[in-house]
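Note sheet for the following structure.
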Amino acid sequence: QVQLVESGGGLVQAGGSLRLSCAASGRTFSRYVMGWFRQSPGKEREFVAAIRWSGGSTYYSNSVKGRFTISRDNAKNTIYLQMNSLKPEDTAVYYCAADINNSAYPSEPGTYDYWGQGTQVTVSS
């Protein structure tokens, strides 16, 4: 089994920055995709960013491209989401997810096998 724990959420003013972390524990995999999704009340879960463990290819939603950066630390089994130029519409619960099958569709929630509990990000105007 894989356990995912997010951290780094909080309250920030518009234009500010936050860095989210997601630490994975349990069995390690050489072919792995980890991603970030977010969800606010009344909305569907939305893809934010993903990274392939092997090779480091990254993927971003259009809404965050140019503002957010996903990265990985292989030794720590951890991914990060650096969020800059935050906007009120970025307010959501952010979830970390892991796909152990190295899917070709990292933007799809159904791709992922494990999910964290989420961390709240609130951006004030």
Side-chain angles (χ1 to χ4, degrees):
Q1 300 295 311
V2 176
Q3 294 81 45
L4 305 175
V5 180
E6 304 99 332
S7 62
L11 174 65
V12 65
Q13 293 184 354
S17 298
L18 285 173
R19 190 184 74 160
L20 305 183
S21 299
C22 175
S25 61
R27 187 173 181 179
T28 58
F29 301 91
S30 59
R31 294 173 60 87
Y32 217 87
V33 177
M34 296 186 69
W36 290 97
F37 290 76
R38 65 187 183 186
Q39 189 167 28
S40 56
K43 297 181 65 177
E44 296 181 346
R45 186 163 295 188
E46 176 189 13
F47 170 74
V48 177
I51 187 167
R52 295 194 183 276
W53 210 250
S54 178
S57 298
T58 58
Y59 311 86
Y60 296 94
S61 70
N62 290 333
S63 62
V64 307
K65 191 175 299 182
R67 298 188 298 122
F68 293 7
T69 302
I70 188 170
S71 61
R72 75 190 196 280
D73 186 328
N74 289 357
K76 296 181 178 180
N77 283 334
T78 299
I79 61 167
Y80 305 93
L81 185 68
Q82 179 66 47
M83 305 185 294
N84 298 325
S85 301
L86 283 162
K87 305 174 181 179
E89 50 262 46
D90 294 318
T91 296
V93 177
Y94 283 70
Y95 296 92
C96 178
D99 164 31
I100 65 173
N101 297 305
N102 198 32
S103 175
Y105 307 101
S107 65
E108 296 297 323
T111 290
Y112 295 85
D113 306 287
Y114 300 95
W115 295 83
Q117 293 179 288
T119 185
Q120 177 71 48
V121 172
T122 302
V123 184
S124 62
S125 61

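Any value given below was found using the heavy atoms of this structure, including those in side chains, with hydrogens, waters and symmetry copies removed.
- In this structure, the separation between OH on Y80 and CH2 on W36 is 10.5 Å, given to the nearest 0.5 Å.
- Listed by first and then second residue, the disulfide (SG to SG under 2.5 Å) pairs that reach into residues 86-125 are C22-C96, sequence neighbours excluded.
- Between V93 and G118, the closest heavy-atom pair is CG1-CA, 3.8 Å.
- By the rule that hydrophobic residues join a cluster once side-chain heavy atoms approach within less than 4.5 Å of another member, V2 and M34 end up as members of one cluster.
- Sequence neighbours left out, the pairs with a member in residues 82-110 that pass salt bridge (Lys or Arg N to Asp or Glu O under 4.0 Å) are R38-D90, R67-D90.
- The nearest pair of heavy atoms linking F37 to P106 is CZ-O, 4.0 Å.
- Ring-plane geometry between Y95 and W115 is classed as perpendicular, the angle between the planes exceeding 60 degrees on a 0 to 90 degree scale with a lower cut at 30.
- A continuous path of Ile, Leu, Val, Met, Phe, Trp and Tyr side chains, each step under 4.5 Å between heavy atoms, connects V12 with M83, placing both in one hydrophobic cluster.
- Cluster annotation: F47 is not connected to I70 through the hydrophobic network of ILVMFWY side chains, with a link wherever side-chain heavy atoms come within less than 4.5 Å.
- For the pair T111 (side chain) and Y105 (backbone), a donor-acceptor distance under 3.5 Å is present.
- For the atom pair L11 CG and Q13 CD, the distance stands at 8.0 Å (nearest 0.5 Å).
- Inter-residue side-chain proximity for I51 and Y32 is flagged as unmet; no heavy-atom pair is nearer than 4.5 Å.
- Closest non-hydrogen pair, A92 versus Q39, comes out as CB-O, 3.5 Å.
- Judged purely by atom type and a 3.5 angstrom limit, R72 uses its side chain to pair as donor or acceptor with the backbone of W53.
- Residue pairs meeting the disulfide (SG to SG under 2.5 Å) criterion with at least one partner in residues 38-70, sequence neighbours excluded, do not occur; the list is empty.
- No donor-acceptor pair closer than 3.5 Å links the side chain of T122 to the backbone N or O of T91.
- Using a 4.5 Å cut-off on side-chain heavy atoms (C-beta onward), E46 and S40 make no contact.
- The OH atom of Y112 lies 11.5 Å from the CG atom of L4; values are rounded to the nearest 0.5 Å.
- Clustering ILVMFWY residues whenever any of their side-chain heavy atoms sit less than 4.5 angstrom apart, transitively, puts L20 in the very cluster that holds V123.
- The backbone N or O of Q117 sits less than 3.5 Å from a side-chain atom of E6, completing a donor-acceptor pair.
- Scanning for side-chain hydrogen bond (donor to acceptor under 3.5 Å, both in side chains) contacts around S61 gives S63, with sequence neighbours left out.
- Take Y59 and apply the ring-ring contact (aromatic ring centres under 6.0 Å, His included) test, not counting sequence neighbours, and it matches no residue.
- Closest heavy-atom contact between P88 and S125: CG-CB, 4.0 Å.
- Linking Ile, Leu, Val, Met, Phe, Trp and Tyr whenever their side-chain heavy atoms come within less than 4.5 Å puts I79 and V64 in one cluster.
- Within the structure, side-chain hydrogen bond (donor to acceptor under 3.5 Å, both in side chains) contacts touching residues 17-26 (residues at least two apart or in different chains) are Q3-S25, S17-N84.
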